[in-house]
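Here is how names work: the chains are called A, B, and so on, in the same order as the sequence lines, proteins then strands, and each is numbered from 1.
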2 protein chains.
Amino acid sequence: MEGRISADLLRGHTDTIVLGILLKNDAYGYQIYKSIMDRTDGLYQLKEATLYSSYKRLEKEACIVAYWGDESQGGRRKYYRITDKGRIQYKQNIADWEFTQRILNRLLKEEDN
Amino acid sequence: MEGRISADLLRGHTDTIVLGILLKNDAYGYQIYKSIMDRTDGLYQLKEATLYSSYKRLEKEACIVAYWGDESQGGRRKYYRITDKGRIQYKQNIADWEFTQRILNRLLKEEDN
DNA sequence: TCAATTACTTTGTCTGTCATAGTATTTTAT
DNA sequence: ATAAAATACTATGACAGACAAAGTAATTGA
């Protein structure tokens with residue numbers, strides 16, 4: 001694997017990653033984007049557009065809420081806060097992911113190679 | 001997780017699963033379908049249509065080749081055999097998947113919960 | 001003999017990611 | 001002081017894999 005995870009393997013994890021970051025602190029869109037780049041040394045190359053559509057989706061599902069930051073210093077920043085529903089969703093997503101890993105391991109690793 | 005892995009988490013693994021099954025023996029389409037159902041107790045619910053489009057894709061990429069089985073006993077069965085290119089692709093897919101898991105773990109598990 | 005299962009195929013829909021493009025402000029370099 | 005780069009957000013359309021739904025036809029089982 002050279003540097004770039006395929007869109008198909010990323011798929012379905014974006015919302016979980018966003019919720020995971022917001023668990024600790026509120027954050028604004030671009031900050032979340034940078035945070036993912038930093039924490040994975042640029043290996044997990046989610047695109048800005050992908051994240052912004054994730055925010056929109058999560059907001060619609062009431063998993064996060066948005067508010068504009070204090071614009072007195074610096075440019076406008078739209079912050080997101082996780083909701084109780086978002087926390088529940090996060091736990092569910094992690095459980096789903098672990099379940100999927102277990103099943104995939106059963107299918108792919110158990111016997112051959 | 002109650003019984004059904006979301007399409008988004010399945011995404012990108014279908015070809016790998018098919019190749020993994022064909023590593024051991026040639027198999028025909030419906031047999032592969034049943035095999036996945038059996039080996040995961042029906043938890044990994046790939047649909048027939050999904051698998052058939054995977055076969056088509058893998059054939060086009062020369063990762064598998066198809067041949068009609070001996071129709072003298074029973075109905076027609078289209079068998080698939082993995083190619084050398086398919087074996088290489090399989091290893092690459094597994095590597096990609098493990099890489100992705102590592103990155104995701106770094107993002108999702110390291111710090112919080 | 002009639003229903004269920006096996007076995008394969010096709011068509012169209014949905015949705016998350018991406019490419020591309022754009023606006024506007026702030027920071028950095030020259 | 002000014003131009004370039006980085007920050008920050010948004011919108012639009014394309015793409016591709018998984019799915020729903022439907023269908024054909026032969027075989028098996030009750």
### Query
According to a strict under-4.0 Å criterion, is Lys34(A) in side-chain N/O contact with OP1 or OP2 of dA6(D)?
no
### Query
Can you check side chain to side chain contact (heavy atoms under 4.5 Å, CB included) on Lys78(B) and Tyr55(B), steps first, answer last?
CA-CA 11 Å; Lys78(B) 196 177 190 176; Tyr55(B) 305 151; over 6 Å; no
### Query
Glu61(A) CD to dT15(C) P: how many Å, rounded?
11 Å
### Message
Just N and O in the side chain of Arg4(A): are any of them under 4.0 Å from OP1 or OP2 of dC18(C)?
### Response
yes
### Message
Among dT10(D), dA19(C), dC19(D), which nucleotide has an atom closest to any side-chain atom of Arg76(A)?
### Response
dT10(D)
#### Entry: Gap between atoms NZ and C1', on Lys60(A) and dG16(C) respectively (whole Å)
13 Å
### Query
When the distance from OH of Tyr55(B) to C1' of dA7(C) is rounded to whole Å, what number comes out?
11 Å
### Message
Heavy atoms only, 4.0 Å cut-off, all strands: where does Tyr28(B) land among base, sugar-phosphate and nothing?
### Response
sugar-phosphate
### Query
With a 4.0 Å cut-off on heavy atoms, is Ala7(A) in touch with a base, just the backbone sugar-phosphate, or nothing at all?
sugar-phosphate
### Query
For Lys78(A) and dT10(D), is the shortest distance between a side-chain N/O and OP1 or OP2 below 4.0 Å?
yes
### Query
Would you say dT10(D) has OP1 or OP2 under 4.0 Å from some side-chain N or O of Tyr52(A)?
no
#### Entry: Ile36(A) side chain reached by Ile17(A) side chain, heavy atoms, under 4.5 Å
yes
### Message
Between C1' on dC15(D) and CG on Asp8(B), what's the gap in Å once rounded to a whole number?
### Response
15 Å
### Message
Rounded to whole Å, please give me the gap between OH in Tyr33(B) and C1' in dC19(D).
### Response
12 Å
### Message
Over all strands shown, is Ser53(A) touching base, sugar-phosphate only, or nothing at heavy-atom distances under 4.0 angstrom?
### Response
base
### Message
Judged by each residue's nearest nucleotide on DNA chain D, which is more toward the 5′ side, His13(B) or Ala49(A)?
### Response
Ala49(A)
#### Entry: Pair Asp8(A) + Arg11(A), salt bridge at N-O below 4.0 Å
no
### Query
To the nearest Å, how far apart are Tyr79(A) OH and dT7(D) P?
15 Å
### Message
Can a side-chain donor-acceptor contact be found between Tyr90(A) and Asp15(A) if the only test is distance below 3.5 angstrom?
### Response
no
#### Entry: Nucleotide nearest Arg77(A) (side chain, heavy atoms from C-beta), chosen from dA19(C), dA8(D), dA11(D)
dA8(D)
### Query
Would you say a side-chain N or O of Thr14(A) is under 4.0 Å from OP1 or OP2 of dT17(C)?
yes
### Message
Between dA16(D) and Arg11(B), counting only base atoms on the nucleotide and side-chain atoms on the residue, is there a donor-acceptor pair under 3.5 Å?
### Response
yes
### Message
Please determine whether a side-chain nitrogen of the Lys or Arg among Arg106(A) and Asp41(B) lies less than 4.0 Å from a carboxylate oxygen of the Asp or Glu.
### Response
yes
### Task
Decide whether Gln101(B) and Asn105(B) meet the rule of one side-chain donor and one side-chain acceptor closer than 3.5 Å.
no
### Message
Using OP1 and OP2 only, check whether a side-chain N or O of Thr50(A) sits under 4.0 Å from dC18(C).
### Response
yes
### Query
CG of Leu10(A) versus P of dA19(C): gap in Å, rounded?
11 Å
### Query
Which residue lies toward the 5' end of DNA chain C, Asp15(A) or Gln31(B), if each is placed at its nearest nucleotide?
Gln31(B)
### Task
Tell me which nucleotide among dT20(C), dA20(D), dT7(D) gets nearest to the side chain of Tyr30(A).
dT7(D)
#### Entry: Interatomic distance, Glu48(B) CD vs dT24(D) P [rounded to whole Å]
16 Å
